[in-house]
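Okay, structure first, notes after.
Reckoned from all heavy atoms, side chains included, excluding hydrogens, waters and symmetry mates.
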There are 2 protein chains.
Amino acid sequence: MQSVDIDQIRSLPLFATMAQENFDSLVTGAYLQRFPAQVELINEGDLADFLYIVLEGRVELYSTGNDRETTMAMITPVSTFLLAATIKSACYLMSGRTIKASRVLLIPSEDVRRVLDIDPGFSRAIVDELATCYRSVVKATKNLKLRTAVERVGNYIIRLQDKSDGADMVELPVGKRVLASMLGMTPENLSRAFSALQSYGILVSGPRIEITDRAVLVAYCKPDPLIDDMTS
Amino acid sequence: MQSVDIDQIRSLPLFATMAQENFDSLVTGAYLQRFPAQVELINEGDLADFLYIVLEGRVELYSTGNDRETTMAMITPVSTFLLAATIKSACYLMSGRTIKASRVLLIPSEDVRRVLDIDPGFSRAIVDELATCYRSVVKATKNLKLRTAVERVGNYIIRLQDKSDGADMVELPVGKRVLASMLGMTPENLSRAFSALQSYGILVSGPRIEITDRAVLVAYCKPDPLIDDMTS
DNA sequence: GGCTTCGCTTGATCCAGATCAAGCGCAAAA
DNA sequence: TTTTGCGCTTGATCTGGATCAAGCGAAGCC
């Protein structure tokens with residue numbers, strides 16, 4: 001593994017506060033792997049053998065059942081996923097696949113649990129991480145239950161602009177098919193939602209979106225910090 | 001506070017592993033309160049001043065926005081809620097109200113955070129509790145996104161029967177209006193869902209439900225341990 | 001008893017979003 | 001260049017569930 005990777009992982013909130021020797025022992029037992037796009041990493045129902053950390057690329061967490069499939073979350077570098085299953089020695093509730101070529105670090109679950117029991121810094125960091133994850137899922141649920149499809153798309157654009165420091169022109173980080181699934185709708189309806197929003201201050205051309213009148217967009221989508229603010 | 005209450009709280013997984021003195025200090029600083037039904041306990045957006053523990057009664061967690069309201073979870077005794085907000089010193093993401101007369105213990109958030117930092121047993125228990133909460137929300141989301149309204153009702157009945165040790169006759173623990181909201185549908189549709197399920201092995205009369213043919217019900221509703229098993 | 005209230009059911013209609021079915025545009029392969 | 005394929009759009013139709021609007025029956029109250 002590159003030392004730059006190790007530094008990156010070490011600086012994640014989850015690993016920043018633990019003792020150096022425990023961090024070293026986790027990293028030593030870990031596997032670094034490269035995957036092309038569209039590779040199944042994990043399957044829901046399998047026992048949680050590893051904690052995953054995405055270093056590069058993008059991983060989609062999704063669930064199936066009743067002949068349907070639904071995207072639950074999108075993991076962007078650098079962050080971990082499947083922490084809860086790892087800690088509980090339980091099975092995964094979601095499946096995971098790469099949606100672009102990715103570099104992923106796998107830490108054996110038993111190592112994580114062992115260190116968790118002996119390192120208070122790590123334990124405290126996991127508490128924070130889990131609380132954050134929990135709140136994200138709650139926000140995602142509210143987003144889904146309290147908003148229409150068009151509003152979800154609009155608020156997604158607003159968030160995207162915020163992440164781009166308010167630039168007028170933003171670029172979609174994933175294909176529209178995947179984006180639709182992320183936002184809980186079909187690709188057809190995403191298309192229609194974009195058209196609908198052209199009357200509310202945006203201009204779409206391919207993967208590029210121009211926010212021509214943010215005030216109008218905001219007035220229509222009514223972003224809510226209790227749903228959209230990812231920092232709290 | 002009654003000592004029987006204290007024992008009950010102490011035996012919760014969240015408080016079972018902490019040092020006695022820390023437990024005592026939490027309980028000493030706590031407030032025990034009684035509320036009638038339909039009292040607003042907390043409002044989303046407010047700062048998390050307390051960790052709540054429901055000792056008796058029932059508390060509904062719900063969210064509002066866009067002129068809509070949606071039930072997020074139902075808290076039954078004896079358990080805690082709003083742990084994540086408490087830990088992160090953040091604001092509540094959900095509002096809470098009693099739906100029957102309830103006894104609730106309030107522990108100041110700063111006490112929880114203080115003890116969390118000094119008691120490894122408590123910290124470890126919080127990790128488990130948060131992981132469990134996280135997984136419940138994920139399961140609830142899957143239930144909502146992957147199933148139709150009728151299937152959700154059917155699986156709810158199946159779970160209810162399991163909790164009643166497989167008795168043929170079960171009783172709804174909450175009114176149908178609230179139940180509908182819990183299951184993410186309108187009261188009208190809950191009514192229709194019950195009618196629809198009469199063809200699949202159940203018989204409804206008021207708040208009492210007879211499971212006449214569990215095999216048929218199960219075949220129709222296809223319960224999934226990755227959604228319905230609350231113990232994993 | 002009659003009267004209200006409230007929780008529930010039932011029927012009719014409406015609507016957001018899914019599904020089905022073409023078409024279109026662009027990029028890589030031939 | 002043409003061809004194939006894929007991602008996206010557009011239009012038409014379908015459907016699960018919401019909404020609107022009565023009815024209905026049991027519990028409380030006068």
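Atom CD of B:Gln38 is separated from atom C1' of C:dC6 by 13 Å (rounded to the nearest Å). Separating the CZ atom of A:Phe194 from the C1' atom of D:dT10 is a distance of 16 Å, rounded to the nearest angstrom. Distance CZ (B:Arg177) to P (C:dT9): 11 Å, rounded to an integer number of Å. Atom pair B:Leu179:CG and C:dG7:P shows a separation of 15 Å (rounding to whole Å applied). In this entry the distance linking CD of B:Glu151 with P of D:dT15 reads 17 Å, nearest Å. Between B:Leu190 atom CG and C:dC8 atom P the separation is 9 Å, expressed in whole Å. Protein atom CG of B:Asp67 is 12 Å distant from nucleotide atom P of D:dT19, rounded to whole Å. Atom NZ in A:Lys100 sits about 16 Å away from atom C1' in D:dG7, given to the nearest Å.
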Inset, instruction - Treat primed atoms plus P, OP1 and OP2 as sugar-phosphate and everything else as base, then score nucleotides 11-22 of chain C 5' to 3': B for base contact with protein heavy atoms under 4.0 Å, S for sugar-phosphate contact only, - for none. - result: BB----SBBB--
Between side-chain atoms of residues 46-58 of chain A and protein atoms elsewhere (two or more places apart, or another chain), which donor-acceptor pairs fall under 3.5 Å?
unit_1	atom_1	unit_2	atom_2	d
A:Glu56	OE2	A:Arg103	NE	3.3
A:Glu56	OE2	A:Arg103	NH2	3.1

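Applying the side-chain contact (heavy atoms from CB on, under 4.5 Å) criterion to A:Thr148, with sequence neighbours excluded, gives A:Val150, A:Glu151, B:Arg68.
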Legend entry - Verdict with reasoning, A:Ser181 to A:Glu60, per side-chain contact (heavy atoms from CB on, under 4.5 Å): CA-CA 10 Å; A:Ser181 184; A:Glu60 178 190 7; 4.2 Å; yes
Inset, instruction - Using the side chain to side chain donor-acceptor pair (under 3.5 Å) rule, take A:Thr64 and A:Glu44 through it: C-alpha gap first, then chi angles, then the decisive distance, then the call. - result: CA-CA 8 Å; A:Thr64 52; A:Glu44 51 185 350; 2.6 Å; yes
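Atom CZ of B:Arg97 and atom CG of B:Leu41 lie 10.0 Å apart (nearest 0.5 Å).
Tested against A:Asp228 for a salt bridge (charged side-chain N to carboxylate O under 4.0 Å, His left out), the candidates A:Lys142, A:Arg147, A:Lys139, A:Lys222 yield a single pass: A:Arg147.
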